[in-house]
Amino acid sequence: MPDLHYEEEEFSTQFSGKTLIRIISLLKSHWKWAAGFILLIGLVSVQDSFFTYIGKLIIDQGIMARDSLRLTQLIGLYGALAAVQVFAVFGFIYLAGILGERVQYDLRKEMFNHLQDLSFSYFDRTPVGWIMSRVTSDSGKISELVTWGLIDLTWSSLNIVTAVIFMLIINWKLALVVLAIIPLMILTAVQFQKRILFQFRGVRRLNSKITAAYNENITGVRIVKALCREEQNLNEFSQKSHELYWASYRAAWLSALFLPCTQIIGSLALGAIIWYGGLQNLSGGMTLGGIQAFISYVAFMLWPIQEMARVWASMQSSLASAERVFSLIDSVPEIRDQESAYDPGTIRSAISFEHVDFYYEQGKPVLKDFNLCIRQGESIALVGPTGGGKSTIINLICRFYEPSSGEIYFDGVDYRRLTLHSIQSRIGIVLQTPHLFSGSIGENIRYGRLDATPEEIEEAARLSKALDFIMNLEKGYEEEVGEGGNLLSVGQKQLISLARAVLSEPDIFIMDEATSSIDTLTESLIQQGLKAVMAGRTSIIIAHRLSTIKQVDRILVVEDGRIVEEGDHLSLIKAKGRYYSLYTQQFRREHTRDWDRSMD
């Protein structure tokens, strides 16, 4: 579990009103549900305050006045309002659940769709675990804020406002004494907010690191076990977990300290009411029911203020999550369609590289003044040492990346004038490490063209020489491949990948070292399948085994970002240059290996 050095963008420790507004704007498409939700919360909040006022009337007009009729009327009113409140509470909790799920669905869908549009360079520099953390736990935090957080904030705010209104009605002088203490509570909240937000941002960063570490450890579990790295990985993971624990502890400690501070301030308000209200009662200026109502309203305000303190602390965590989610959504693809980009209908055309330079990292060129012309329908092979630029040429043709300088043309047209979809949807590619999706064999082949019929899928399997092994399986095309295809052999996965590429009916066919890690029998099957696939198509093969490319039209030897030699197999062998050296070295290695096996 190597340490991840990817650094997220840093965010200001200041409260971001723009971020909060953007979170609330997620409710825009569900405004009817949100409006009903807020109205029901408002109804419940007003009723809560009115219940206390009814309690004052029960004491003053019923019990103290010994008026049984009035007492019965007030108790009946209280019961009727309580019945209404039951339905209102059910309503806003139900709506909160719906809103939370819809907002989370919308947010995850937007992130997923945006991830499809991002360029390869984004995924090169961003670990999968960081992305997963944003799509899962961070989106969940935002959903909680716009639902349950909104419930608590709205309910608490309205409780405070209605309590103040009723206190002013009962005794405006005593209400002003209570109101004088509220600014002190606000000042306390602001000071705590800054520190809590800073700590929660640290928690979110560390949580992303741990998610990334989880992902790397699980996906690389075979290497971990093969190298007996379990104990060391556990120690490294424990260290990350320890850092997260202390960051969370500091955030929780500040959040917990916030509540007692508000309680102390609230106690001052209660003391003032008891002292001043008692004096007013002795002079006849305030009834016993009024004093009881004031004490209830202050306690009624303290609970919402404490709840707001809790929600405020939780909101800091949600804001920290939102900043990261929105940074993903706002990330701009480096490769995008031009406004005038169009679909030419086909890319069965010549491909030209003209003075192309390319680098993944500034100052480290992979291709330098690279020039190449591939004729329409020509088959070429790229060979050479690792790191020479072969896969980069493929990446540029597929427009996964674009040249740092220079141009690439399809039939004389700068391919940046074409839409990305028009290029990438017409290229069939089989990679060295094939990837299959969880599901059946048939579903994985159909991924090449989703509207394909069963007959077309079977024909693609036949052309790619995958049909025989599929028919020998118990469930045939319905056989499950497992996550990443781990229930199949490498050769079987490669044949399915080839069938998938065949089904897509590409204009350009690419094989990126697709036979380097399979047995010779499967390699022979793939070679037979390639003949059918490459007929009439521009084909580009990156070859590790040079014996597999003898029949291509042209072989290019690529080293240090340049073509150092080119020609067909026989002419290059006769030239006894770089290709001859590579071919004979590999020939000797293979024969030595075969000899050693025969002697065992």
Side-chain angles (χ1 to χ4, degrees), residues 4-11 19 22-23 25-26 103-142 204-205 207-209 211-216 219 320-343 358-362 364 366 391-404 408 414-429 431 433 435-438 447-448 450 484 504 510 512:
L4 299 172
H5 298 290
Y6 173 72
E7 291 296 334
E8 276 191 291
E9 59 272 48
E10 290 295 329
F11 301 99
T19 301
R22 189 169 178 182
I23 292 174
S25 69
L26 296 173
V103 166
Q104 192 165 6
Y105 169 79
D106 291 346
L107 199 56
R108 288 179 173 174
K109 181 180 178 181
E110 184 176 4
M111 281 191 286
F112 185 84
N113 288 340
H114 188 66
L115 284 168
Q116 309 305 302
D117 295 331
L118 291 176
S119 306
F120 270 40
S121 54
Y122 180 86
F123 300 97
D124 288 341
R125 62 175 180 265
T126 310
V128 174
W130 293 71
I131 298 173
M132 293 300 295
S133 177
R134 295 181 183 189
V135 174
T136 53
S137 63
D138 283 339
S139 65
K141 287 277 188 182
I142 297 172
R204 298 315 304 165
R205 282 195 299 271
N207 182 70
S208 293
K209 283 189 175 183
T211 305
Y214 259 130
N215 178 75
E216 290 221 330
T219 56
S321 294
E323 288 168 331
R324 279 152 177 76
V325 167
F326 292 145
S327 74
L328 186 156
I329 293 174
D330 294 339
S331 56
V332 179
E334 294 183 11
I335 300 175
R336 293 178 290 175
D337 288 335
Q338 297 178 356
E339 290 185 6
S340 59
Y342 67 97
D343 185 342
F358 179 79
Y359 46 79
Y360 296 101
E361 296 182 39
Q362 189 71 34
K364 297 180 179 179
V366 179
S391 293
T392 297
I393 295 170
I394 298 299
N395 287 335
L396 290 173
I397 290 175
C398 296
R399 208 176 162 198
F400 296 150
Y401 300 87
E402 290 180 347
S404 304
I408 297 177
D414 188 333
Y415 81 157
R416 283 172 284 209
R417 293 178 55 192
L418 311 180
T419 63
L420 283 166
H421 183 265
S422 69
I423 295 173
Q424 294 170 356
S425 65
R426 294 183 173 94
I427 294 177
I429 186 166
L431 301 173
T433 304
H435 181 82
L436 301 184
F437 298 92
S438 297
Y447 200 79
L450 297 179
S504 68
I510 295 172
D512 189 354

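This structure is a prediction, so every number in the text was calculated from the model and none was measured.
Listed by chain and residue number, S29, H30 satisfy the side-chain contact (heavy atoms from CB on, under 4.5 Å) test with D106 (two or more places apart in sequence, or in another chain). When the side-chain contact (heavy atoms from CB on, under 4.5 Å) test is applied to S425, the partners found at least two apart in sequence or on another chain are H421. Y105 meets the side-chain contact (heavy atoms from CB on, under 4.5 Å) test with K109; sequence neighbours excluded.
The aromatic rings of F358 and Y401 lie perpendicular to each other, with more than 60° between the two planes, well past the 30° mark.
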- Query: Going through the checks in order, is the side chain to side chain contact (heavy atoms under 4.5 Å, CB included) test met by F437 and H435?
  - Reply: CA-CA 7 Å; F437 298 92; H435 181 82; 4.0 Å; yes
- Message: Run L328 and L115 through side chain to side chain contact (heavy atoms under 4.5 Å, CB included) and show every step you take.
- Response: CA-CA 8 Å; L328 186 156; L115 284 168; 4.2 Å; yes
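Judged by distance alone, the side chain of S504 and the main-chain N or O of G428 form no donor-acceptor pair under 3.5 Å. Of the possible polar contacts, none joining the D343 side chain to the T419 backbone as a donor-acceptor pair under 3.5 Å is found. Although no hydrogens or angles enter the test, the distance criterion places no donor-acceptor pair under 3.5 Å between the side chain of R416 and the main chain of E402.
Nearest heavy-atom pair, R108 versus S139, reported as atom, atom and distance to 0.1 Å: NE-OG, 2.9 Å. The heavy-atom pair separating F400 from Q424 by the smallest distance is CD2-NE2, 3.8 Å. In terms of heavy-atom proximity, H114 sits nearest to P333 at CE1-CD, 4.5 Å. The shortest non-hydrogen separation linking L396 to P403 is CD2-N, 3.8 Å. Heavy atoms only, all atoms of each residue included: C398 and I429 are closest at SG-CD1, 4.4 Å. Nearest heavy-atom pair across R399 and Y415 is NH1-O, 3.6 Å.
When the shell of 6.0 Å around OH of Y447 is examined, it contains 12 or fewer heavy atoms from other residues, nucleotides or ligands.
Rounding to the nearest 0.5 angstrom, the gap separating the CZ atom in F112 from the CD1 atom in I131 is 11.5 Å. Remark: I329 CD1 to R324 CZ distance equals 14.0 Å, nearest 0.5 Å. D337 CG to R417 CZ: the interatomic distance, rounded to the nearest 0.5 Å, is 13.5 Å. Atom CG of residue L107 and atom CD1 of residue I23 lie 9.5 Å apart, to the nearest 0.5 angstrom. In this structure, F326 CZ and R22 CZ are separated by 5.0 Å, a value rounded to the nearest 0.5 Å. Atoms CG and CE, on D138 and M111 in that order, are 7.5 Å from each other to the nearest 0.5 Å.
Under the 3.5 Å distance criterion, with hydrogens and angles disregarded, a donor-acceptor pair is assigned to the side chains of T392 and Y360.
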